[in-house]
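Here's the structure we're looking at; comments come further down.
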Protein chains: 2
Amino acid sequence: MQKNPNKCQFVGTLDTIVGKWKPLIIYLLLQGEPLRFNELRRLLPGITQRMLTLHLRELEEEGIVKRVIYPQVPPKVEYSITEYGMSLSPVMETIHQWGAIHVERKKLTNQITTSNSADL
Amino acid sequence: MQKNPNKCQFVGTLDTIVGKWKPLIIYLLLQGEPLRFNELRRLLPGITQRMLTLHLRELEEEGIVKRVIYPQVPPKVEYSITEYGMSLSPVMETIHQWGAIHVERKKLTNQITTSNSADL
DNA sequence: CTGTATCCGCTCCGATACTG
DNA sequence: CAGTATCGGAGCGGATACAG
């Protein structure tokens, strides 16, 4: 399918970290502290149970996130970053920094775009 | 809209570079050489005219890509990276490297046993 | 050569309800 | 507490045809 090796690399990485909430989930878990399901939910205002579950499952399948179930009542599940997941740290850090630096510019761009929407 | 500043940074960056072909377009133009529309098309096997146009327009609006029209017959349009776009270089490089390192693992995870290491 | 214009399927994601 | 199931809308991207 993918003949272009350069494309493979970008697609591979981005498929792993792209998703409406994935970057933030990874970012939160990269802080080091394991987090419970509802703790993540509180740290991600607006996320639905469904999306949190789905994204955590995907990250688990990728080997980025480790899921530990404590057999208790009520249930307790902790999510933490894996060694493999930690290798994403420089990627996330670079993305985070670029965003921080260029957020202002993006705001301007969006304002221009918005004001030009009159020509519909 | 986005209450979480950390989220803003990730979303801001990823919105800029995410898209089915955007990373590769940026990567190609980061090589330095201005490229014509059809040159890009040839370098991106499988892309449609529509998507190439749309992605280029978005990148242009973001200030990542510069579009120069030469008033000729037949038409000639060259796309090149802007100074601002060059600031994405470390981001793209980091993503590219992580992908290159972890492509093999991803193949195993996805149970794709093509083992076609030739495209590395 | 460098685009636009339509149509349309498919995936992502939200909302909501239900469960061990 | 930590999920699963189902429905449905919105938007991305592909296929195709047309145009300056």
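- Across dC13(C), dG3(C), dG3(D), the shortest atom-to-atom separation from the side chain of V77(B) is found for dG3(C).
- Contact annotation: Y79(A) side-chain N/O to dG3(D) OP1/OP2 distance is under 4.0 Å.
- Atoms CD1 and CG, from I17(B) and L24(B) in turn, are 12.0 Å apart once rounded to the nearest 0.5 Å.
- Considering only the side chain of R57(A), dT4(D) comes nearest among dT4(D), dG13(D), dG14(C).
- Minimum atom distance to the side chain of R36(A) is reached by dA2(D), of the listed dG14(D), dT4(C), dA2(D).
- Side-chain contact check for L52(A) versus W21(A): every heavy-atom pair is 4.5 Å or farther apart.
- Residues K66(A) and Y79(A) are not in side-chain contact: their nearest non-hydrogen atoms beyond the backbone lie 4.5 Å or more apart.
- Here the side chain of T13(A) pairs a donor or acceptor atom with the backbone of I95(B) at under 3.5 angstrom.
- We find that CZ of R50(B) is positioned 10 Å from C1' of dT4(C), with the value rounded to whole Å.
- As judged by a 4.0 angstrom heavy-atom cut-off over every strand, Y70(A) is placed among residues making no nucleic acid contact.
- Closest to the side chain of K20(B), out of dG14(D), dT4(C), dA2(D), is dG14(D).
- Sequence order on DNA chain D of the closest nucleotides to P75(A) and T53(A) puts P75(A) first from the 5' end.
- Nucleotide dT2(C) holds its P atom 10 Å from the CG atom of L40(B), rounded to whole Å.
- Proximity of H55(A) to the phosphate of dC12(C): no side-chain N or O atom is located under 4.0 Å from OP1 or OP2.
- Protein atom CG of L54(B) is 10 Å distant from nucleotide atom P of dC12(D), rounded to whole Å.
- Between R36(A) and L40(A), every side-chain heavy-atom pair lies at or beyond the 4.5 Å cut-off.
- Taking atom CG of L35(A) as the reference point, atom P of dG3(D) lies 13 Å away to the nearest angstrom.
- Each of dA17(C), dC1(D), dT6(C) was ranked by its minimum atom distance to the side chain of Q49(A); first place goes to dA17(C).
- Summarising the geometry, the separation between CZ on R67(A) and C1' on dT4(D) is reported as 12 Å, rounded to the nearest angstrom.
- Rounded to an integer number of Å, the gap from CH2 of W21(B) to P of dG13(D) is 11 Å.
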